[in-house]
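One structure is given below, encoded as structure tokens.
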Amino acid sequence: MDRVYAQIITAKNGAAIPVFTSNKAVHSKYDPQREGNTFAQSIKQPISFCIVIGLGGGYHVNSLLQNNPNCEFLIIEQNECDLALLRSIDMVQALEKHPQVHICTANEISHMLKECYIPARYGDLQIVTLATWAYECPEYTKQIQDTITDVLKEISADYSVQSHFGNIWQRNILSNLRLCEKITPFVPINEQVKGKKAIVIAAGPTLDAQIATLKQYRDNYYLLATDTAFDALMQQQIIPDVVVSIDGQMISHCHYMGSLAKQTLFVFDITANTAAVRHIYEQGCKLFFVTSGHPLVSYAEQVTGFKFMHIHAGSGTVTIAAADFAHQIGCTDISCIGADFSYPNGKPYCKGSYLDTLYSQNSSKIVTTEEQFIHLMYRTPLIDAKTRPGVKTTEVLDSYRKTFELWLQNSSHSPHPYTLCELKFSWERFKRQLTQDAQSNTLNFGLLPYIAYLRKTKRKDSNEQSFFELLKLAYSNAMRYTKLL
């Protein structure tokens, strides 16, 4: 392992400073504290989250911390051997004890950055590099910067989803939690699926070729349909045992406008569209709520003691959610059909999907149904499907495929079959605790997706307000909904 530092020496003013393996000092040999102050003053102020490449003796970090007492810092060094040497310096020891300072090695960047940096909480971040460190370690500096860039892309993608759906999710969760108290939870037990092959049905074009087989051997299968495939199956007189929905958008309500079946269990993520959920409830169908990890749902579990089934949905893919639900209720033989993640035969969906109805209703001589489907497929650039020669897909669909394959690899490590929670969800207990937290302005991480929405909203004042001002707005929104329900 290549070392960055060779030894620790003492500056003229008595401060301990590290020396590079090239025998050049990291900091001023006369007054490293003063040099640290100059470094801190050169950084654009104020900052709320800062990544510092190069710890050295920590004097520049300490100056940054003094100038930005509310800032969170992630400090990166190359390896653990160098960190062990730096820990002999009093300033480094003091920084390690500070709750707002996190020190890691290059190998830990991905984990630590995802753990520490919450865009909704901190807003934009700054990356600063200790100049002497970058000069002495140009290759390491580039590797670290590249890693940070890659991790921030992942965080940015997730944050983008939060900022887009944060408002919708919060509204749906509060409405669905209120309804959760009124329903009698039901989930299949092992005996109901024993001896049957579970088939997860997505709405890809290849589903059309499987309809005849599903009809012929229906009694041998335990069918779990995604919401997009549900109406297409019902039009073919195939009644699924389970339908899974995780989409919070209003369009998902369209999946349930056709005929319903009382024997079907409708599984909704607690963030799912509340209009669709209430329609199913009002029709007297069986309901079961699950969660794919929204922090507000975790908060509800914590304050009420009620536990939802936690399912994996990958990057928000209903096919994965349906497959994981099948796994958790005890299905051991699971197959999947219609999960194309591409456009085989130049088609985006199977026959009878909600888009057939929607596009037909909007069809005209100028804008035909076919043209609307073409616009859907070509809204983003098409690429070759790596696993299906001659078939086209998109980057988004291909990312869903990769996520699904990753779930398949990890499914053997999934939890044991779910045990139904004996408690009933208490809306009053949840509402009471939320009210108390709102009055004391307690930091509630469950509101962060909504705060992400506020930060990205077009209202100018949202980006200029502090985090705690945005937290008040998030509480205000939540309390408004709880009063209406």
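Atom set for the values below is all heavy atoms of this structure, side chains included, hydrogens, waters and symmetry mates excluded.
The OH atom of Tyr475 sits 9.0 Å away from atom CD1 of Ile451, with the distance rounded to the nearest 0.5 Å. Atom CZ of Phe306 is separated from atom OG of Ser426 by 11.0 Å, given to the nearest 0.5 angstrom. Rounding to the nearest 0.5 Å places CD of Gln170 at 10.5 Å from CG of Leu448. Interatomic distance, Met309 CE to Asp324 CG, rounded to the nearest 0.5 Å: 8.5 Å. Going from atom CZ of Phe445 over to atom CG of Leu443 covers 4.5 Å, rounded to the nearest 0.5 Å. Between atom OH of residue Tyr281 and atom CZ of residue Phe268 there is a gap of 14.0 Å, rounded to the nearest 0.5 Å.
Counted by atom type alone, Ser342 and Lys392 present zero donor-acceptor pairs between their side chains at under 3.5 Å. In this model, a donor atom of one side chain and an acceptor atom of the other lie less than 3.5 Å apart for Tyr450 and Asn477. Using a 3.5 Å distance cut-off with no hydrogens or angles, the side chains of Asn172 and Thr274 do not pair a donor with an acceptor.
Under a 3.5 Å cut-off, the side chain of Ser160 and the backbone N or O of Ala157 do not form any donor-acceptor pair. The backbone N or O of Lys386 sits nowhere less than 3.5 Å from a side-chain atom of Asp384 that would complete a donor-acceptor pair. The closest donor-acceptor contact from the side chain of Asn273 to the backbone of Ala275 lies under 3.5 Å. Between the Glu77 side chain and the Leu83 main chain, no donor and acceptor come within less than 3.5 Å of each other. No donor-acceptor distance shorter than 3.5 angstrom exists from the side chain of Ser156 to the backbone of Lys153, with no hydrogens or angles considered. In terms of modelled atom types and a separation under 3.5 Å, the side chain of Thr264 and the main chain of Pro240 share a donor-acceptor contact. A donor-acceptor contact shorter than 3.5 Å links the side chain of Lys424 to the backbone of Glu181. With hydrogens and angles ignored, the 3.5 Å screen pairs a side-chain donor or acceptor of Gln100 with a backbone N or O of Cys71. At least one donor-acceptor pair under 3.5 Å links the side chain of Thr394 to the backbone N or O of Leu397. A distance-only check finds no donor-acceptor pair linking the side chain of Asn79 to the backbone of Thr105 [under 3.5 Å].
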side-chain contact (heavy atoms from CB on, under 4.5 Å), that's the test. Do Tyr221 and Thr213 meet it? Break it down for me.
CA-CA 11 Å; Tyr221 299 146; Thr213 302; 3.8 Å; yes
Give the intermediate values and the outcome of salt bridge (Lys or Arg N to Asp or Glu O under 4.0 Å) for residues Lys197 and Asp333.
CA-CA 5 Å; Lys197 182 181 184 66; Asp333 184 5; 3.3 Å; yes
Start with the C-alpha distance between Arg432 and Glu428, add both sets of side-chain angles, then the distance that settles salt bridge (Lys or Arg N to Asp or Glu O under 4.0 Å), and finish with yes or no.
CA-CA 6 Å; Arg432 183 168 60 250; Glu428 289 303 320; 5.6 Å; no
CA sep, side-chain torsions, deciding dist, call: Lys347, Asp208, side-chain contact (heavy atoms from CB on, under 4.5 Å):
CA-CA 11 Å; Lys347 296 175 59 179; Asp208 293 334; 3.1 Å; yes
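For the side chain to side chain donor-acceptor pair (under 3.5 Å) test, residues two or more places apart in sequence or in another chain that qualify with Thr442 are Ser440. Shown here are the salt bridge (Lys or Arg N to Asp or Glu O under 4.0 Å) partners of Lys196, two or more places apart in sequence or in another chain: there are none. A search for side chain to side chain contact (heavy atoms under 4.5 Å, CB included) contacts involving Cys285 returns Leu260, Lys262, Phe266, Ile280, Gln283, not counting sequence neighbours. Here Arg388 pairs with Asp340 under the salt bridge (Lys or Arg N to Asp or Glu O under 4.0 Å) rule; sequence neighbours left out.
Between Phe230 and Val243, the shortest heavy-atom contact is CD1-CG2, 3.4 Å. Heavy atoms only, all atoms of each residue included: Gln78 and Ile144 are closest at OE1-CD1, 4.1 Å. Between Ala321 and Ile311, the shortest heavy-atom distance links the atoms CB-CD1, 3.7 Å. Across Cys350 and Gly204, no two heavy atoms sit closer than the pair CB-O, 3.4 Å. Contact record, Ala272 with Ser245: CB-O, 4.0 Å, taken as the closest heavy-atom pair. What you find for Thr403 and Ile320 is that their closest heavy atoms are CG2-CD1, 3.6 Å.
Under the 30°/60° scheme for interplanar angles, the aromatic rings of Tyr122 and Phe49 are found to be tilted. Between His294 and Trp169, the angle of the ring planes goes over 60°, which puts this pair in the perpendicular group of the 30/60° scheme. Note on ring orientation: taking the six-membered ring where Trp is involved, the planes of Phe430 and Trp427 are tilted (angle from 30° to 60°).
No more than 12 heavy atoms of other residues, nucleotides or ligands lie within 6.0 Å of CD in Glu395, so this atom counts as exposed by the packing criterion. Residue Lys215 qualifies as enclosed at atom NZ: its count of foreign heavy atoms under 6.0 Å is above 12. Sparse packing is recorded around CG of Asp124, with 12 or fewer heavy atoms of other residues, nucleotides or ligands lying under 6.0 Å away. Surrounding CD of Glu422 are at most 12 heavy atoms belonging to other residues, nucleotides or ligands under 6.0 Å away. Shown here is Arg178, whose CZ atom has more than 12 heavy atoms of other residues, nucleotides or ligands within 6.0 Å.
For the pair Leu233 and Ile211, the minimum side-chain heavy-atom distance is below 4.5 Å. Contact check for Ile173 versus Val297: side-chain heavy atoms found under the 4.5 Å cut-off. With a 4.5 Å cut-off on side-chain heavy atoms, Thr206 and Ile337 do not count as touching. The closest side-chain heavy-atom distance from Val128 to Ile51 is not below 4.5 Å. Counting heavy atoms from C-beta outward, Met112 and Leu74 have side chains that approach closer than 4.5 Å. Side-chain atoms of Tyr117 and Leu152, non-hydrogen and from C-beta on, do get closer than 4.5 Å to each other. Here the side chains of Gln439 and Thr435 are in contact, with some heavy-atom distance below 4.5 Å. Taking the side chain as every heavy atom from C-beta outward, Thr226 and Val244 never approach each other to under 4.5 Å.
Judged by the 6.0 Å distance and 45° axis criteria, Arg171 is not positioned over the aromatic ring of Tyr481.
Residue Phe341 is tested with Asp398, Val396, Thr317 for a side-chain contact (heavy atoms from CB on, under 4.5 Å); the sole match is Thr317.
Listed by first and then second residue, the side chain to side chain donor-acceptor pair (under 3.5 Å) pairs that reach into residues 299-308 are Tyr299-Asp437, Glu301-His310, sequence neighbours excluded.
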Quick one: side chains of residues 251-259, donor-acceptor pairs under 3.5 Å with protein atoms, not counting sequence neighbours, listed by atom name and distance.
residue, atom, partner, partner atom, Å
Ser252, OG, Asp247, O, 3.4
Ser252, OG, Gln249, O, 2.7

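Taking 4.0 Å as the cut-off between side-chain N and carboxylate O, Asp241 and Arg218 count as a salt-bridged pair.
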